[in-house]
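Inspection log for the structure reproduced underneath, given as structure tokens.
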There are 2 protein chains.
Amino acid sequence: MALAAPGRREQNKLEKRGRIIAAARALFTHKGFDATTSQEIADAAGVAGGTIFTYARTKEDLLILVFHDEMMEVVERGFVAARGSAGLLDQVIAFFETMVVYHVRDVPLARVLMRQLGYVGSEEQLTLVQELMTRVLGRLAQLVEAAKGQGEVDAASPLLPSARSLFAIYYYHLGALLNGYLDRSQFDRNLRTDLGVLLRGLG
Amino acid sequence: MALAAPGRREQNKLEKRGRIIAAARALFTHKGFDATTSQEIADAAGVAGGTIFTYARTKEDLLILVFHDEMMEVVERGFVAARGSAGLLDQVIAFFETMVVYHVRDVPLARVLMRQLGYVGSEEQLTLVQELMTRVLGRLAQLVEAAKGQGEVDAASPLLPSARSLFAIYYYHLGALLNGYLDRSQFDRNLRTDLGVLLRGLG
DNA sequence: TAAAAAATATGACTGCGCTCATATTTGGGG
DNA sequence: CCCCAAATATGAGCGCAGTCATATTTTTTA
């Protein structure tokens, strides 16, 4: 029994961590971020109030923990969707479309999430956010590279800057959508227009 | 004396509002946003604690109030600076440079400000932020239009989408700079590169 | 296996932003 | 000039996120 020694503590920690994140996910989704108290999360996870904050420094950290994995998956789904389209513009739009569909399922929560992505408040957050950004830009760069192979994009166009610019434009419009400046159809149109402006610079 | 009747109350309100905003500006700058309590602002403005919240719904609203005017001026200064350069790329960079210089004077505060620009929490904020965005995009559009006149930009390029895309790219990099992902020289290089990518699509 | 050490959990407590019932000030009508 | 209604100011009080000294559990040492 002593063999499991170096695992017992870690095991408990991991399991507890899982319960806390699951509880937070359920409550954030059901009641909203602001309306959920850290005490409620603690109760739902079966731990004391203060324990929450040994697993996440702040409530926002918890939000990032909750959604990091989901977002990584969404990006992968978006990449698959992109490969199902023809032409870089439509591919990129399919990619972003997947992410938008995910975000509009819960706009208030997506807003809080987006705010936090732009205001990293701890080392843990930094790691998770950077991982996510690297993945997104990497996938976009792959799409641009493939388009180069098709002769659709100038071979001289730098990959990472192109990916960054694509993302920057998407991100700007996503903010406008989530903040209610744009409705969905305006968003789609503006995004296509602006990405088109950029692509003519890549071709 | 009764002639000033419709002005007395408004006068007092305006003056008090001015004191509150000035106190908030001083404290935010000197102590930082989080470290400044609403009570301190109230004390410095010579009003009771609760009075603050009849002039601004939240502490964040106060921040927007404080910096709205300054930012509007910075944009104008940026526009003037832009006109002093030749070529759209250098003009746009001069424009953004002015804004960056302003933001890096107080990075922590700029971070909070930027967070709030992307997460509008009240009608008052909405008005001020939209006013600012309209001004920025308007000025950028003017630069693009002038470049069209010089034959530097394709006459078919839509003005507003071009301005939006320029801003989107700037905004993305500004976030990276303020969050410490980039140092200043990396920022300058990346911004120039990415704006260059976009411009080749406009020309 | 006993005792010391290290890691983790606990919940009473603190300080904050913000609210709200009450008090005060202001402007107009008689 | 006085009274009344509306606007504004007040500060005690509330609920919350996050802290910290203490208690509990796990691992290591002997």
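Labels below follow one simple rule: chain letters A, B, ... track the order of the sequence lines, proteins then strands, and each chain is numbered from 1. Here the structure is a predicted model, which means the values were calculated and not measured.
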Spacing between Gln39(B) atom CD and dC18(C) atom C1', to the nearest angstrom: 12 Å
Between P of dA17(D) and CG of Leu27(A), the distance in whole Å: 11 Å
Side chains of Ser185(A) and Asp188(A), donor plus acceptor under 3.5 Å: no
Residue-level proximity of residues 48-58 of chain A to DNA chain C when a heavy atom falls under 4.0 Å: Ala48(A), Gly50(A), Thr51(A), Thr54(A), Tyr55(A)
OP1 or OP2 of dA9(D) under 4.0 Å from side-chain N/O of Lys16(B): yes
CA sep, side-chain torsions, deciding dist, call: Thr58(A), Asp61(A), side chain to side chain donor-acceptor pair (under 3.5 Å): CA-CA 5 Å; Thr58(A) 67; Asp61(A) 279 43; 2.9 Å; yes
Between dC16(D) (P) and Asp43(A) (CG): distance, integer Å: 12 Å
Between Tyr102(A) and Glu70(A), a side-chain donor and acceptor under 3.5 Å: yes
Rounded distance (Å) that lies between atom P of dC18(C) and atom CD1 of Ile20(B): 14 Å
Salt bridge (charged side-chain N to carboxylate O under 4.0 Å, His left out) partners for Glu40(B), two or more places apart: Lys31(B)
Between C1' of dG18(D) and CG of Leu62(A), the distance in whole Å: 13 Å
Ile41(B) CD1 to dG11(D) P, straight-line distance once rounded to whole Å: 17 Å
Flag side-chain contact, heavy atom, 4.5 Å: Val80(B) against Glu76(B): no
Separation of Arg192(B) CZ from Phe187(B) CZ (nearest 0.5 Å): 12.0 Å
Residue that, paired with Phe96(A), satisfies ring pair (Phe, Tyr, Trp, His ring centres under 6.0 Å) out of Phe79(A), Tyr170(A), Tyr172(A): Tyr170(A)
DNA chain C contacts among residues 107-120 of chain B, heavy-atom distance under 4.0 Å: none
Lys NZ or Arg CZ of Lys59(B) over Phe33(B) ring: under 6.0 Å, within 45°: yes
Nucleotide dT8(D), atom C1' - distance to CG of Leu14(B) in whole Å: 15 Å
Atom-pair distance (NZ on Lys13(B); C1' on dT26(C)), nearest Å: 13 Å
side-chain contact (heavy atoms from CB on, under 4.5 Å) between Phe95(A) and Ser85(A), worked out: CA-CA 10 Å; Phe95(A) 181 74; Ser85(A) 293; over 6 Å; no
